[in-house]
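Below is one structure, written out as structure tokens; comments come after it.
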Protein chains: 2
Amino acid sequence: MTGTRGYHHGDLRRTLLTTAVQVIEESGPAALSLRDLARRAGVSHAAPAHHFGDKAGLLTALAADGFDLLAKALHGAGDALLDRGVAYVDFAVRHRAHFEVMFRADLYRPDAEELVAARQRAGAALNLGVAALPEDRPTAEDPQGDALAAWSIMHGFATLWLSGALPARIGDDPRAAARAIAGRLFRME
Amino acid sequence: MTGTRGYHHGDLRRTLLTTAVQVIEESGPAALSLRDLARRAGVSHAAPAHHFGDKAGLLTALAADGFDLLAKALHGAGDALLDRGVAYVDFAVRHRAHFEVMFRADLYRPDAEELVAARQRAGAALNLGVAALPEDRPTAEDPQGDALAAWSIMHGFATLWLSGALPARIGDDPRAAARAIAGRLFRME
DNA sequence: GGGTGAATCTTGTCGCTGGCAAGTTTCCCC
DNA sequence: GGGGAAACTTGCCAGCGACAAGATTCACCC
């Protein structure tokens with residue numbers, strides 16, 4: 001299973017995915033090329049197609065990996081909604097390539113089985129944070145609205161951060177900035 | 001200046017931009033092709049390069065148009081922050097193609113002169129809404145944080161809406177949904 | 001230990017794309 | 001009406017994604 005010599009690469013599928021993440025982090029999803037990935041892995045230009053079918057197939061697998069990583073990150077962040085919100089932003093910054101692909105449904109096949117399941121796991125992890133809010137908050141009658149508001153503000157901050165649209169005075173610590181912003185929703189803490 | 005016959009197209013630059021918007025709305029920015037645009041406009045495959053240099057040049061112009069449209073939409077929405085927030089989401093939904101390109105800096109030249117100016121105009125229109133908040137709100141000491149929080153929640157909601165990631169139960173009226181979400185920030189209204 | 005089917009990877013090809021170079025036609029303005 | 005600039009053309013090249021057909025190796029079972 002290990003070793004990269006010989007006719008068989010040994011772990012080409014994994015290699016292609018991790019290399020794709022590097023390329024996307026450096027140059028964005030638009031710059032990704034299956035032939036370039038093949039060259040970097042030392043295989044022929046048609047080898048990737050065997051594992052993923054086509055480019056959308058590779059990005060589908062990458063997005064599914066991303067939703068699974070996100071679900072794990074959220075679960076590891078504790079129960080409080082604020083902590084989960086900060087973990088969401090932290091995930092977006094640390095796994096920028098995954099995050100950028102996950103929410104660009106035109107790049108992959110959003111109805112692929114593996115992907116739908118992973119996305120559901122991440123969604124469940126998100127909603128759990130809302131259940132930890134105090135029950136006497138003013139908006140307690142509409143927990144789905146609370147979840148959507150929390151998701152929106154953290155997703156928006158993460159997206160703006162990654163896009164480089166934020167002014168420089170924000171600083172370079174996305175976790176701290178996210179915590180300050182998120183605290184304005186509800187009286188979280 | 002009008003008329004589309006003859007060797008000179010007459011209004012090719014404008015035609016290419018509006019056609020690009022249609023294509024992006026239907027199939028996303030990744031599906032955009034300069035040669036396809038040229039075919040639809042009835043000109044040769046190299047004609048677009050004369051007006052925009054390359055693909056990034058066309059998208060730079062499209063993004064700049066988008067920031068200008070956004071600035072106008074925000075100014076036309078009244079002074080209240082909540083109304084500006086709803087107008088932001090409304091802009092994203094109505095001008096989906098512009099919006100998708102505007103926040104994908106890897107697709108264009110973010111330091112182009114025309115674009116920087118347009119983005120500044122839109123940013124100023126955004127910040128004006130924060131100035132209309134009541135001065136006795138608890139976070140009044142940090143108006144820039146307020147602006148960032150408001151921008152984040154509306155940008156996040158718009159992005160999630162466009163990406164199709166939201167559950168169907170949200171309904172089909174983005175303006176109403178945005179207003180309900182935004183009201184949770186501050187005691188706006 | 002040998003054979004067989006499946007998985008993995010290769011080579012070759014096609015149409016499409018973006019970008020460049022060089023040439024042609026038309027417009028504008030003096 | 002003439003000259004220079006602007007707008008558009010044809011022709012070309014390398015790179016890409018996708019497909020087809022063939023070569024090599026692996027896994028498993030007798």
Side-chain angles (χ1 to χ4, degrees), chain A residues 1-20 22-24 26-63 101 104-109 112 114, chain B residues 1-20 22-24 26-63 101 104-109 112 114:
Chain A
M1 188 192 292
T2 60
T4 60
R5 69 199 68 216
Y7 194 91
H8 280 38
H9 178 282
D11 198 19
L12 182 57
R13 185 189 156 92
R14 197 86 242 145
T15 300
L16 291 172
L17 283 173
T18 59
T19 308
Q22 292 173 10
V23 172
I24 295 173
E26 288 167 11
S27 318
L32 190 69
S33 142
L34 290 183
R35 290 171 106 103
D36 180 51
L37 290 184
R39 274 191 298 270
R40 295 186 189 221
V43 295
S44 77
H45 66 262
H50 180 73
H51 292 277
F52 300 104
D54 56 8
K55 196 173 182 177
L58 184 142
L59 291 175
T60 302
L62 201 153
V101 174
R104 293 277 314 280
D106 59 312
L107 294 181
Y108 57 89
R109 279 184 276 277
E114 47 164 337
Chain B
M1 186 192 294
T2 61
T4 59
R5 68 200 68 215
Y7 193 91
H8 281 36
H9 178 283
D11 199 17
L12 182 57
R13 185 188 157 91
R14 197 85 243 146
T15 299
L16 291 172
L17 283 174
T18 59
T19 309
Q22 292 173 8
V23 172
I24 295 173
E26 287 167 12
S27 318
L32 191 68
S33 144
L34 289 183
R35 290 173 107 102
D36 179 51
L37 290 184
R39 275 191 296 270
R40 296 186 191 223
V43 295
S44 78
H45 68 262
H50 180 73
H51 291 278
F52 300 105
D54 56 7
K55 196 173 182 176
L58 184 142
L59 291 175
T60 302
L62 201 153
V101 173
R104 294 276 315 280
D106 60 310
L107 294 180
Y108 57 89
R109 281 184 276 276
E114 46 165 336

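Bear in mind the structure is a predicted one, so any value in this text is a computation, not a measurement. Chain letters run A, B, ... following the sequence lines, proteins first, then strands; residues in each count from 1.
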His9(A) NE2 to dA7(C) C1', straight-line distance once rounded to whole Å:
16 Å
At their closest point, which heavy atom of Asp36(B) faces which heavy atom of Ser33(B), and how far apart are they?
N-OG, 3.0 Å
Find the distance Phe52(B):CZ to dG19(C):C1' and express it as a whole number of Å.
16 Å
Expressed in angstrom and rounded to an integer, what is the separation of Lys55(A) atom NZ from dG17(D) atom P?
5 Å
Looking at dG15(D), does its base get a donor-acceptor pair with the side chain of Arg39(A) below 3.5 Å?
no
With heavy atoms under 4.0 Å as the rule, sort Leu58(A) into base, sugar-phosphate or nothing.
nothing
Check: Thr60(B) side chain, Arg109(B) main-chain N or O, donor-acceptor pair, under 3.5 Å:
yes
Any side-chain N or O of Ser33(B) less than 4.0 Å from the OP1 or OP2 oxygen of dT17(C)?
yes
Assert: residue with more 5' nearest nucleotide on DNA chain C, out of His51(A) and Gly53(B), is His51(A)
Could one point to a donor on the side chain of His45(B) or the base of dG11(D) with an acceptor on the other under 3.5 Å away?
yes
His8(A) vs dC9(C): side-chain N/O to OP1/OP2 distance below 4.0 Å:
no
Counting distance only, does the side-chain N/O of Ser27(A) pair as donor-acceptor with the main-chain N or O of Ile24(A) below 3.5 Å?
no
To the nearest angstrom, the CG-C1' distance between Asp11(B) and dA7(D) comes to 13 Å
To the nearest angstrom, how far is Tyr108(A) atom OH from dG17(D) atom C1'?
21 Å
Value in whole Å for how far the P atom of dG19(C) lies from CG of Asp54(B):
5 Å
Rounded to the nearest 0.5 Å, how far does CG of Leu58(A) lie from CZ of Arg13(A)?
8.5 Å
Starting the side chain at C-beta, find the nucleotide from dT10(C), dC8(D), dA18(D) nearest to Ala46(A).
dT10(C)
Quickly, which of Thr19(B), Val43(B), Leu12(B) forms a side-chain contact (heavy atoms from CB on, under 4.5 Å) with Leu37(B)? Name it, please.
Thr19(B)
Arg35(A) CZ to dG17(D) C1', in whole Å, measures 7 Å
Any base atoms under 4.0 Å from Leu37(A), or only sugar-phosphate, or nothing? Heavy atoms, all strands.
nothing
Measure from CG on Leu34(B) to C1' on dG19(C) and round the result to the nearest Å.
9 Å
